[in-house]
K.L.:
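Below are the structure tokens for one structure; questions will follow.
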Amino acid sequence: MSFLETRQQAAQTDQRRSGRFAVQIPAIFRTISGDRECRMANISDNGAKLETASPPAQGVSGMLILGEQEVYCTVIWSNDGACGIEFERNIGEDALVEIAGEQVRNAGPVANAGNIQMGRKRGRLVTS
């Protein structure tokens with residue numbers, strides 16, 4: 001992965017709108033070119049990270065299939081072995097609990113990565 005790709009991926013990470021929950025769930029990403037078996041590495045109410053041998057290109061739309069659940073989504077980034085998808089609509093807490101389990105309901109508030117100042121140590125932000 002080039003330096004530029006690494007920086008772009010880091011920038012995308014900072015733009016997350018909601019907390020992600022680590023999972024290891026088998027899934028299928030269905031596009032017009034066919035089905036891709038993949039493993040979901042994390043999920044939030046508005047997107048997920050999929051790990052697969054042949055990730056689709058950025059901009060490809062498709063259907064994420066998780067058992068009985070089907071969620072329309074678009075690939076927002078792609079690299080060797082993984083891609084990030086954004087759901088067409090937020091799936092909400094009930095669907096998150098159904099997919100990821102009770103850990104989601106009990107997780108509590110998650111820090112907003114957009115509020116973290118890059119390059120500064122936490123201790124320096126606290127004043128006495």
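Since the model is a prediction, treat every value here as computed from it, not as a measurement.
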K.L.:
Write down the atom of Phe87, the atom of Ala48, and the distance for their closest heavy-atom approach.
P.N.:
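It is CZ-CB, 4.1 Å.
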K.L.:
Could you see if Ile28 belongs to whatever hydrophobic cluster contains Ile43? Use Ile, Leu, Val, Met, Phe, Trp, Tyr and a side-chain cutoff under 4.5 Å.
P.N.:
no
K.L.:
Return the set of residues passing side-chain contact (heavy atoms from CB on, under 4.5 Å) with Leu66 (not counting sequence neighbours), or none when no residue passes.
P.N.:
Ile25, Ala27, Met40, Leu64, Gln69, Ile99
K.L.:
How far does OG of Ser54 sit from CD of Glu37, to the nearest 0.5 angstrom?
P.N.:
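Between atom OG of Ser54 and atom CD of Glu37 there are 10.0 Å.
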K.L.:
Within this structure, what is the OG-CD distance for the pair Ser44 and Glu86, rounded to the nearest 0.5 Å?
P.N.:
9.0 Å
K.L.:
Would you say that Phe21 contacts Asn42 through its side chain, given a criterion of any heavy-atom pair below 4.5 Å between the two side chains?
P.N.:
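Answer no - side chains too far apart.
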K.L.:
Rounded to the nearest 0.5 Å, how far does CE of Met63 lie from CZ of Phe29?
P.N.:
10.0 Å
K.L.:
Please name the pair of heavy atoms, one in Tyr72 and one in Ser61, separated by the smallest distance, quoted to 0.1 Å.
P.N.:
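Reported closest heavy-atom pair: OH-CB, 3.2 Å.
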K.L.:
What is the minimum heavy-atom distance between Cys83 and Pro55, and which atoms define it?
P.N.:
CB-CB, 4.1 Å
K.L.:
Test of understanding: clusters of I, L, V, M, F, W, Y form through side-chain heavy atoms closer than 4.5 Å, transitively. Do Ile85 and Ile65 belong to the same one?
P.N.:
no
K.L.:
Locate the shortest heavy-atom distance separating Trp77 from Val75; write the atom from each residue and the value.
P.N.:
O-CG1, 3.3 Å
K.L.:
CG/Asn46 to CD/Glu88 distance, rounded to the nearest 0.5 angstrom?
P.N.:
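Asn46 atom CG to Glu88 atom CD measures 13.0 Å (nearest 0.5 Å).
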K.L.:
Using the salt bridge (Lys or Arg N to Asp or Glu O under 4.0 Å) criterion, which residues pair with Arg39? Sequence neighbours excluded.
P.N.:
none
K.L.:
Mark yes or no for whether Ser78, through its side chain, and Gln58, through its backbone, hold a donor-acceptor pair below 3.5 Å.
P.N.:
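Side chain of Ser78 to backbone of Gln58, a donor-acceptor pair under 3.5 Å: no, none is there.
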K.L.:
Run the side chain to side chain contact (heavy atoms under 4.5 Å, CB included) test on Cys38 and Glu51 for me, step by step, so that the C-alpha distance in whole Å, both residues' side-chain angles and the decisive distance to 0.1 Å come before the verdict.
P.N.:
CA-CA 6 Å; Cys38 53; Glu51 297 172 342; over 6 Å; no
